[in-house]
Amino acid sequence: MSDSNTAATEENAPGTPRTPSNFVRDIILEDLRTGKYQGRVHTRFPPEPNGYLHIGHAKSICLNFGLAAEFGGRTNLRFDDTNPEKEEQEYVDSIIDNVRWLGFEWQEPVCYASDYFDQLYAWAQQLVRAGKAFVCDLTADEMRRYRGTLTEPGKESPYRNRSVEENLDLLGRMKAGEFPDGARTLRAKIDMASPNLNMRDPVMYRILHAEHHRTGNKWCIYAMYDFAHGQSDSIEGITHSICTLEFEDHRPLYDWYVDQLGIYHPQQIEFDRLNLTYTLLSKRKLLQLVQEGHVRGWDDPRMPTLSGIRRRGYTPEAIRNFCGSIGVSKTNGTIELGLLEHFVREDLNRRALRAMAVLRPLRVVIDNYPEGQVEELDAVNHPEDESAGTRKVPFSKVLYIEQDDFREDPPKQYYRLSPGKEVRLRWGYFIRCTSVVKDANGGITEVHCTYDPETRGGNAPDGRKVKATIHWVSAGQAVDAEVRVYETLFTRENPNEVEEGQDFLSNINPASLEVLTGCKLEPSLRGAPAFGYYQFERLGYFCVDPDSAPEAPVFNRTVALRDSWAKIEKRGKG
RNA sequence: UCCCCGGUCGUCUAAUGGUAGGACAGCGGCCUUUGACGCCGUGAAUCGAGGUUCGAAUCCUUGCCGGGGAGCCA
């Protein structure tokens, strides 16, 4: 609907952020143009409270809330709580929390399919009276056999032609709790020969003597998803009911129920679910990882749950930017994890204050620096944001540097510290390595250097250059910390691709969590708040884990910085 | 075998009968008190075969490939 070529050109200009269109948005645009819903746009995000939300849900949340917001519409948060056996209040709470954290506001109040149980029941009676539904006594097993197969039509249930009176009576008694679980069902009377299995007299209600997290023991029959979802949309005046591709085959049934009931008819639109490399986005499998202890919980920073990636240090903005960039279509694709990491780096680069931390310390003694002297040097907090100011970092005779930043026998192109070579200590002095101290096994325990007092702050008055600037922490003032370094939870791009006889658990990455203790932080990091994020210079983005104690900080590595040296080195090794 | 939905650079996506474009990833370079960031450059695609058309990624036919579907789950 862009009004000119100019607009299109501007939108496509490199570097200009834009919300690309997509086919769902196009449908809404068209409906707005034709006045199909009198200009209304009302979407909904309908999770089942049977697990924690994950990054895949974030895509749906951003789509639903984003589209409504763009057109001045509303979005409901509705729990699809029609199966009390799997649903819990804990999940409701976490979902509400996660959606809010992501930065979206729903139309109050929070909705629940269970709010509509009475209405749904009345509608069921209406279909019975219309001769469109019947009580069936077939067992689950029998029903499966009667259903037919993908290639052969099914057979009609022997109970299909009960009278309206008998059906009404039986339905009432089902509701009254007269029958055990599974004894009977209420079924829609559609077409046992339909090529769409969902239309072969689908179950509307099943008997389930289970306590519901909201309605308690009021009900012992529960509507199936298909008999609840479309009507819930209808009740709420939803215009565009956006769901994932696997519900495509259910759309005819969705339409059938609202049409037979003669109620307001929203339109269901299906899009492709998010898949991410090295990541599992199946609630069932995520639950298994938690229950079997393969991870430390739903919010383990290795989990793709919103709670997990939040704890990992991802920001809502990064996730929203990612969701906005991946597009919406109907192709089954898999996004590379690297794209998500790109967006978190982009956001964190902009906002994270810089600090120095040494993860794998190597002691450095500066032989010509006065014993016992400590000076305070100025360090810039953010190289691209002057308003972030500066801080003081202590400097003294004994420091720690990263083990990776010293090589006794430096390979080609290695710029960092090695015997006889000079480097700059970030915001400090130039130092030159004079000797190496080793233990009995030949392991390097300490490096001795001299410093050039003229280079305070990092510049040489004589104009000489160094190839590298490395980070460091003064030993006497360092804060000890635990740092948790994460790799992907799975070793394969597709964790579901397994050897014969194995399951996805065989693809778990044994190195997905590395706990580093005795890491050395610059003192300004003392007392950093939980979830606070920083860039540890030259290493990556890190955030404070809630496991932290006042004198025992714990950091999570959110994502490493891009590392072109690692690439060069890897290439060299072939 | 039956029904539904898909197939555009390595990956995701745009082009809605009229120049196949962008992002990420890759590669090369510049810059640099982060081997970061940034900047510049570069390679890289319409599943196949027919047809309609002045013109096809787009429309038609057909084949191939991929995904989903036989819960009293959602």
Side-chain angles (χ1 to χ4, degrees), chain A residues 8 12-14 18 20-23 26 46-48 50 80 82-83 85-87 136 138-140 143-145 147-154 181-187 194-200 202-208 221-222 224-226 228-229 243-252 270 272 277 283-284 325-336 338-343 345-346 349-350 354 356 379-380 383-384 413-416 424-428 457-459 465-471 535-540 560-568:
Chain A
N12 291 322
R18 56 187 276 258
S21 195
N22 61 63
F23 81 99
D26 290 343
E48 183 190 11
N50 67 342
D80 229 328
T82 55
N83 184 0
E85 293 187 319
K86 292 183 176 172
E87 297 153 7
C136 183
L138 253 25
T139 64
M143 198 182 295
R144 189 178 324 117
R145 284 197 293 272
R147 188 155 33 230
T149 69
L150 293 175
T151 53
E152 305 154 32
D181 286 3
R184 294 178 214 267
T185 55
L186 181 72
R187 294 225 259 163
S194 172
N196 181 343
L197 291 271
N198 295 125
M199 300 300 273
R200 319 244 261 227
V203 172
M204 295 162 61
Y205 270 98
R206 75 283 211 186
I207 300 172
L208 232 44
I221 58 172
Y222 290 91
M224 298 289 291
Y225 164 85
D226 288 304
H229 201 89
C243 62
T244 43
L245 254 23
E246 70 271 23
F247 292 100
E248 211 153 15
D249 288 336
H250 292 248
R251 181 162 19 102
E270 311 84 14
D272 62 329
T277 57
K283 276 195 191 175
R284 203 207 95 225
S325 80
I326 56 181
V328 180
S329 70
K330 295 181 73 131
T331 55
N332 307 86
T334 302
I335 308 282
E336 290 175 347
L339 186 62
L340 213 210
E341 294 184 334
H342 161 77
F343 281 101
R345 285 195 189 98
E346 180 189 69
N349 174 53
R350 190 158 49 218
R354 314 291 133 120
M356 292 196 286
V380 169
E384 290 163 30
Q413 296 183 76
Y414 185 85
Y415 304 153
R416 284 111 96 149
R424 171 167 42 230
L425 295 175
R426 181 83 154 151
W427 312 122
N459 288 305
K465 302 287 184 200
V466 287
K467 286 281 245 192
T469 300
I470 65 175
H471 61 279
Q535 184 197 100
F536 289 172
E537 294 212 53
R538 303 206 309 127
L539 296 176
L561 252 29
R562 281 172 59 109
D563 187 352
S564 55
W565 163 244
K567 264 183 218 166
I568 294 168

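Every chain is numbered from 1, with letters handed out A, B, ... down the list of sequences.
In this structure, A:K283 reaches neither bases nor backbone, as no heavy-atom distance under 4.0 Å exists between it and the strands shown. In this structure, A:G182 reaches the bases: a heavy-atom distance under 4.0 Å links it to at least one base atom across the strands shown. Among the protein residues, A:R147 comes within range of the sugar-phosphate backbone only, with heavy atoms under 4.0 Å from sugar or phosphate atoms but none that close to a base. Using a 4.0 Å heavy-atom criterion, one finds that A:T277 contacts no nucleic acid atom at all. If you check every strand for non-hydrogen atoms under 4.0 Å, A:L245 touches nothing. Base engagement by A:M143 is indicated by at least one non-hydrogen atom pair under 4.0 Å involving a base atom. Here A:R345 lies out of heavy-atom contact (under 4.0 Å) with every strand. Using a 4.0 Å heavy-atom distance criterion, A:L138 is classed as a base contact. Base engagement by A:Q413 is indicated by at least one non-hydrogen atom pair under 4.0 Å involving a base atom. Residue contacts shown for A:N459 include a base, since a base heavy atom lies under 4.0 Å away. At a threshold of 4.0 angstrom between heavy atoms, the contacts of A:R144 are confined to the sugar-phosphate backbone, with no base atom among them. Residue A:S329 is in sugar-phosphate contact alone, with no base atom involved, counting any heavy-atom pair closer than 4.0 Å across all strands shown. Counting any heavy atom pair closer than 4.0 Å across all strands shown, A:H471 reaches no nucleic acid atom. Residue contacts shown for A:R424 include a base, since a base heavy atom lies under 4.0 Å away.
Computed from coordinates, the A:K330 NZ to B:rG69 C1' distance equals 14 Å when rounded to whole Å. Atom CD of A:E384 and atom P of B:rC39 are 10 Å apart (whole Å). B:rC73 atom C1' lies 10 Å from atom CG of A:D226, rounded to whole Å. Atom NZ of A:K467 and atom P of B:rC31 are 12 Å apart (whole Å). Computed from coordinates, the A:E336 CD to B:rG10 P distance equals 11 Å when rounded to whole Å. Atom CG in A:D80 sits roughly 16 Å away from atom C1' in B:rG71 (whole-Å rounding). In this entry the distance linking CD of A:E270 with P of B:rA74 reads 18 Å, nearest Å. Rounded to an integer number of Å, the gap from NE2 of A:H229 to P of B:rC73 is 17 Å.
When the side-chain nitrogen and oxygen atoms of A:T139 are compared with OP1 and OP2 of B:rC72, none of them lie within a distance under 4.0 Å. The phosphate of B:rG26 (OP1 or OP2) has a side-chain N or O of A:K567 nearer than 4.0 angstrom. For the OP1/OP2 pair of B:rA36 and a distance below 4.0 Å, the side-chain nitrogens and oxygens of A:R350 include no atom meeting the criterion. Side-chain nitrogen and oxygen atoms of A:T469 include none within less than 4.0 Å of the OP1 or OP2 phosphate oxygen of B:rG35. Of the side-chain N and O atoms in A:T82, one or more sit less than 4.0 angstrom from OP1 or OP2 of B:rA74. For B:rC37, the OP1/OP2 oxygens have no side-chain nitrogen or oxygen of A:R354 closer than 4.0 Å.
A:N50 pairs in a side chain to side chain donor-acceptor pair (under 3.5 Å) with only one of the listed residues (A:K283, A:K86, A:R284, A:E87), which is A:K283.
Put simply, the side chain of A:Q535 and the base of B:rU34 share a donor and an acceptor less than 3.5 Å apart. On a pure distance criterion of 3.5 Å, no polar donor-acceptor pair joins the side chain of A:R538 and the base of B:rG35.
Here A:R416 pairs with A:D405 under the side chain to side chain donor-acceptor pair (under 3.5 Å) rule; sequence neighbours left out.
Take the nearest nucleotide of RNA chain B for A:I470 and for A:P47: the residue whose nucleotide is more 5' is A:I470.
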Would you list the protein and nucleotides 2-4 of chain B atom pairs, both N or O, that sit under 3.5 Å from each other?
unit_1, atom_1, unit_2, atom_2, d
B:rC2, O2, A:L150, O, 2.7

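With its glycosidic angle more than 90° from 0, B:rG69 adopts the anti conformation.
The aromatic ring of A:W565 stacks onto the base of B:rG35, its centre lying under 5.5 Å from the centre of the six-membered base ring with the two planes under 30° apart.
Separating the P atom of B:rC12 from that of B:rA25 is a span of 16 Å, rounded to the nearest Å.
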key: Watson-Crick and G-U pairing of RNA chain B, under 3.5 Å, as dot-bracket with | and [ ]   = .((((((..((((....[..)))).(((((.......)))))....(((((..]....))))))))))).....
